[in-house]
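Please read the structure below before turning to the comments.
Naming convention: chains lettered A, B, ... in sequence-line order (proteins, then strands); numbering from 1 in each chain. What you see below is based on every heavy atom in this structure, not just the backbone, and it leaves out hydrogens, waters and symmetry mates.
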Number of protein chains: 2
Amino acid sequence: MGRGKIEIKRIENSTNRQVTYSKRRAGIVKKAKELTVLCDAEVSLLMVSSTGKMHEYISPSCTHKNLYDRYQQASGSNLWQPHYERMQDTLQKLKEVNNKLRKEIRQRNGEDLDELSFQQLRGLEQNMEKSVECVRNRKFHQISTSTDTYKKKIKNHEETHNSLLREFEERDADFSFPALDFEGDYQSTIGFATGNPQIFAFRLQPKLQSDLQDEEAYGSYGLSLA
Amino acid sequence: MGRGKIEIKRIENSTNRQVTYSKRRAGIVKKAKELTVLCDAEVSLLMVSSTGKMHEYISPSCTHKNLYDRYQQASGSNLWQPHYERMQDTLQKLKEVNNKLRKEIRQRNGEDLDELSFQQLRGLEQNMEKSVECVRNRKFHQISTSTDTYKKKIKNHEETHNSLLREFEERDADFSFPALDFEGDYQSTIGFATGNPQIFAFRLQPKLQSDLQDEEAYGSYGLSLA
DNA sequence: CGGACTATATATAATAG
DNA sequence: TCTATTATATATAGTCC
């Protein structure tokens, strides 16, 4: 090759390594071109230098992807194809399941009943009656629970109110402030204490409004999947 | 290179072409190995001969796929990645939608009601009552329709039967066969004609049985998707 | 760096066995 | 068809600019 036999072993000097890389890269690309022309071959050559730069040669009228795909096919070690096909399969299954689920919902919503037999209709009816009973029970359970909760809260606030009253009465007994000033403070404090449960009641309204919106949206998810 | 300058131009003699290909292929692979070792480079080399045979060289601790992917990334013309990602995305969305649908079904089945507000429960209850009414109506419609159908069929068979009877009576009047022989044939014919509706009735049973199985499977599709 | 030069080492076309 | 040989053409390491 050059002035004295060279040993095929990593070049430690990084500059020389790069120089050699450039020279030899040009040589190998030239060889690849010659192989293409002389022998009608197709060649895909990808090279990355130790500094990370990439160079390539590809025969005319051919792409790296094309050759790589053929290589995969030939070597039988195609790892992507099965993965891709499995995905496609899963997608299909999911779509089918999705359609089944939608149909069931439509049927439970009183639509799309034409293809059901009498027995199926009877089963569906019974099932729905049983289910509506569950919903009803849950509703009653919820309303009684929340009523209890509010009762407890009100009771709690009343107790606080009463203990405050007592506290102030005790202070009234211990000290003697001017009656009018004290009366003013006292009133406002009562106003706050008794007002609290009402604030709760008002805060309830908007919450219920949004719940109603949710309810209207029931069974009409905005689904637009291909 | 050899004995006399060679011209870089397609070798027309196919045998020589193959010979040259083999030799030069070995040479180029050797160069690729040297590049790898000397310069710390990574090389992916794919070659297809004019006869379709494939050969390769790949640097140790590296794969064609890896280098090809890096090439794609570098060249920015990666066509697979977006496709793959879109699929993954669609898959995820479908799964989410399916879960929502399942949840809706569970709720319409009287399960999973804990997180619903009172208003939502009330809406669901009303919706279900309306729906069960639709199912009930459809059921009544179906039973009346199918009853009519069976009535018509029975009527149809009775008419056939009667017309056959008349026909035989007429024959009986025109000719005079030995009474006993004729009686035998006659009976069997009647048996078939009147039996037909019964065959229908019997065939109905297994059909209804399977329908019942369908009904039992309601809301429990055997879904086991990852 | 990037070429240009050159002395050698290699690759390989042609040829023979 | 292969393999080995051999005469040349090429490739390229080292060097200089």
Side-chain angles (χ1 to χ4, degrees), chain A residues 1-62 64 67-68 70-71 74-75, chain B residues 1-62 64 67-68 70-71 73-76:
Chain A
M1 290 178 174
R3 305 198 178 191
K5 178 170 180 168
I6 67 137
E7 176 179 21
I8 303 298
K9 173 183 167 186
R10 182 186 142 97
I11 298 167
E12 294 301 335
N13 179 310
S14 126
T15 306
N16 285 345
R17 199 189 318 135
Q18 277 313 110
V19 172
T20 297
Y21 175 74
S22 295
K23 286 186 177 180
R24 278 173 170 264
R25 171 162 51 75
I28 214 171
V29 166
K30 189 179 172 194
K31 293 269 179 211
K33 279 181 187 169
E34 290 177 354
L35 195 71
T36 299
V37 176
L38 278 172
C39 309
D40 253 4
E42 292 172 295
V43 181
S44 156
L45 176 64
L46 295 175
M47 292 166 292
V48 186
S49 75
S50 58
T51 58
K53 283 211 175 181
M54 177 161 274
H55 296 86
E56 55 159 331
Y57 170 76
I58 180 69
S59 303
S61 74
C62 185
H64 290 294
L67 263 179
Y68 176 64
R70 278 199 269 164
Y71 160 72
S75 67
Chain B
M1 288 178 175
R3 303 197 178 188
K5 177 171 181 169
I6 68 139
E7 177 180 19
I8 303 298
K9 172 183 165 185
R10 181 182 189 314
I11 298 168
E12 294 300 336
N13 180 310
S14 130
T15 307
N16 284 346
R17 199 189 317 134
Q18 277 313 110
V19 172
T20 299
Y21 174 73
S22 295
K23 286 186 177 179
R24 279 176 170 263
R25 172 163 50 74
I28 214 171
V29 166
K30 189 178 173 195
K31 294 268 178 212
K33 279 181 187 167
E34 290 177 354
L35 195 71
T36 300
V37 176
L38 279 171
C39 310
D40 251 2
E42 291 170 295
V43 180
S44 155
L45 176 63
L46 295 175
M47 291 166 293
V48 186
S49 74
S50 57
T51 58
K53 283 211 173 181
M54 177 161 271
H55 296 87
E56 55 159 332
Y57 170 75
I58 181 67
S59 304
S61 74
C62 184
H64 290 293
L67 263 179
Y68 177 63
R70 278 199 269 165
Y71 161 73
Q73 224 169 9
S75 67

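Going from atom NZ of B:K33 over to atom P of C:dT10 covers 16 Å, rounded to whole Å. In this structure, the CD atom of B:E7 is 14 Å from the C1' atom of C:dA13, given to the nearest Å. To the nearest angstrom, C1' of C:dA11 lies 11 Å from CD of B:E34. Atom CZ of B:R17 is separated from atom P of C:dA13 by 14 Å (rounded to the nearest Å). Between the P atom of C:dA14 and the CG atom of A:L38 lies a distance of 10 Å, rounded to the nearest Å. To the nearest angstrom, C1' of D:dT10 lies 14 Å from CD1 of B:I28. The nearest whole Å value for the distance from the CD1 atom in A:I8 to the C1' atom in D:dA13 is 11 Å. When the P atom of D:dA13 is taken as reference, atom CD of A:E12 falls 16 Å away, rounded to whole Å.
Between B:K30 and C:dA11 there is a side-chain N or O to OP1 or OP2 distance below 4.0 Å.
Every side-chain contact (heavy atoms from CB on, under 4.5 Å) that B:K53 has, sequence neighbours left out, goes to B:S49, B:T51, B:H55. Under the rule for a side-chain contact (heavy atoms from CB on, under 4.5 Å), the partners of A:S22 that lie at least two apart in sequence or sit in another chain are A:R25. Residues satisfying the salt bridge (charged side-chain N to carboxylate O under 4.0 Å, His left out) criterion with B:R70, sequence neighbours excluded, are B:E42. Checked against salt bridge (charged side-chain N to carboxylate O under 4.0 Å, His left out), A:E7 has no partners two or more places apart in sequence or in another chain. Considering only residues two or more places apart in sequence or on other chains, A:K33 meets the side-chain contact (heavy atoms from CB on, under 4.5 Å) condition with A:V29, A:Y57.
Closest to the side chain of B:T15, out of D:dA11, C:dA13, D:dT1, is D:dT1.
Centroid-to-centroid, the aromatic rings of B:H64 and A:Y68 stay 6.0 Å apart or farther.
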Restricting both atoms to N or O, compile the protein contacts to nucleotides 14-17 of chain D shorter than 3.5 Å, with distance only.
from	atom 1	to	atom 2	distance (Å)
D:dG14	O6	A:K23	NZ	2.8
D:dG14	N2	A:R3	NH2	3.3

